[in-house]
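What follows is one structure encoded as structure tokens, with my remarks underneath.
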Protein chains: 2
Amino acid sequence: MQELIPFLKERGLRITPQRTLILQTILSLKGHPTVEEIHRQIPHISLATIYNNVKLFVSLRILKELPYGNGLSKYELTNQPNHYHILCEACGDIIDFNYPTLTQIEDVANKLTQFKINSHQMEVYGLCQSCQRKEGDD
Amino acid sequence: MQELIPFLKERGLRITPQRTLILQTILSLKGHPTVEEIHRQIPHISLATIYNNVKLFVSLRILKELPYGNGLSKYELTNQPNHYHILCEACGDIIDFNYPTLTQIEDVANKLTQFKINSHQMEVYGLCQSCQRKEGDD
DNA sequence: CTGGTTGCAAAGGCTTTGCAACAGG
DNA sequence: CCTGTTGCAAAGCCTTTGCAACCAG
């Protein structure tokens, strides 16, 4: 958090209470909140401001956008250890899990496609425990 | 294509010229078209019909939805060999590439999270060849 | 002070839906 | 025929934007 102040200032950006609160809220939610979930925690900050700042943070690579929200985007802080995601197809929940980084696949992809590789992502899809139980009830 | 007729009929769904054309168009486009790209090929079919049918085909698992279109969804036919995707961060293009299926990761994810696993996906991000050239020009 | 920021309301862009006319089987 | 389907226009939903008031530095 503190390390952001010089980072923003260098770029002529200001530390506003809104920006601080948005980041603190994402931190406190821990998971992968949507804009709507962030706004629910800090309803006195306008939705437009949250949208604009989340977008700004993504462009500054402070946040990462996860496009798996069924139309909505979810966000996570980038200053976290590498991990992959598992998504529940019933409730939409996203959980992190650790797995050795798939470094090889980037080399292969580069050889096969001649792309200049930047990163990769991997998601596993399934049913979380509580949705498995609910399914059993039907 | 032919194998779809009994598949739809079993479910009380009809084979309409629109449905046939939508699937043929996706086939002919080969890649991972958006709804808009499909509609551009068959503009005499209403956008609403294309949306409704694409959605129907996804629910029937004839099509798979790829949520990497920067807001738009892209679609691909499911009756294709397993493969992974590489995305160009500049132009948004999606290319398939082959890599041994990451079966192990599903077992690990199951052990770590207790999810019931259905599938997984993996995307590599980078710059395609033609966007690499363009970048060099700047 | 002064240019970046906020927040409201309006506009945008993609997608879904209500409904009357239509048509596959 | 009868129920599923089409297509228009309208509505929905999430997100972005114009702009005046505001405020961080």
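Throughout, a chain's letter reflects where its sequence line sits, starting with A, and its residues are numbered from 1. The structure displayed is predicted, hence computed values, not measured ones.
Counting non-hydrogen atoms under 4.0 angstrom, B:Leu47 reaches nothing in the nucleic acid.
Closest approach to the B:Pro17 side chain among C:dG24, D:dG7, D:dT16 is made by C:dG24 (side chain taken as heavy atoms from C-beta onward). Nearest to the side chain of A:Ala48, among D:dT6, C:dG25, D:dT17, sits D:dT17. Closest to the side chain of B:Ile45, out of D:dT5, C:dG25, D:dG7, is D:dG7.
Between A:His39 atom NE2 and C:dT6 atom C1' the separation is 13 Å, expressed in whole Å. A:Ile50 places its CD1 atom 12 Å from the P atom of D:dT15, with the value rounded to the nearest Å. For the pair B:Ile5 CD1 and C:dG24 C1', the computed distance is 12 Å after rounding to whole Å. If you take OH of A:Tyr51 and C1' of C:dT6, they are 17 Å apart, rounded to a whole angstrom. Regarding B:His44, its NE2 atom lies at a distance of 13 Å from the C1' atom of D:dG7, rounded to whole Å. Taking atom CG of A:Leu21 as the reference point, atom P of C:dT5 lies 16 Å away to the nearest angstrom. Taking atom CD of residue A:Glu36 and atom C1' of nucleotide D:dC13, one finds them 12 Å apart after rounding to whole Å. What separates CG of B:Leu8 from P of C:dG25 is a distance of 10 Å, to the nearest Å.
Ring geometry for A:Tyr68 against A:Tyr125 counts as perpendicular: the plane angle is over 60°, on a 0 to 90° scale with 30° as the lower cut.
In this structure, CG in B:Leu63 is found 15.0 Å from NZ in B:Lys74, a value given to the nearest 0.5 Å. Separating the OG1 atom in A:Thr16 from the CD1 atom in A:Ile45 is a distance of 8.0 Å, to the nearest 0.5 Å.
Within the structure, every side-chain polar atom (N or O) of B:Lys55 is placed at least 4.0 Å from both OP1 and OP2 of C:dC14. Phosphate proximity of C:dG7 to A:Thr49: present, with a side-chain N or O under 4.0 Å from OP1 or OP2. Neither OP1 nor OP2 of D:dC14 sits under 4.0 Å from any side-chain N or O of A:Ser73. Listed pair B:Gln18 / C:dA23 fails the phosphate criterion, with no side-chain N or O lying under 4.0 Å from OP1 or OP2. Distances shown here put every side-chain N or O of A:Asn52 at or beyond 4.0 Å from the OP1 or OP2 atom of D:dT15. An OP1 or OP2 oxygen of C:dA23 is reached within less than 4.0 angstrom by no side-chain nitrogen or oxygen of B:Thr16.
B:Gln80 CD: more than 12 foreign heavy atoms inside a 6.0 Å radius.
No hydrogens or angles were tested; on distance alone, nothing pairs the side chain of A:Arg14 with the base of D:dG25 as donor and acceptor under 3.5 Å.
In this structure, B:Leu13 and B:Val35 both approach DNA chain C, and ranking their closest nucleotides by distance from the 5' end singles out B:Val35.
Between A:His85 and A:Asp96, the closest side-chain pair of non-hydrogen atoms falls below 4.5 Å.
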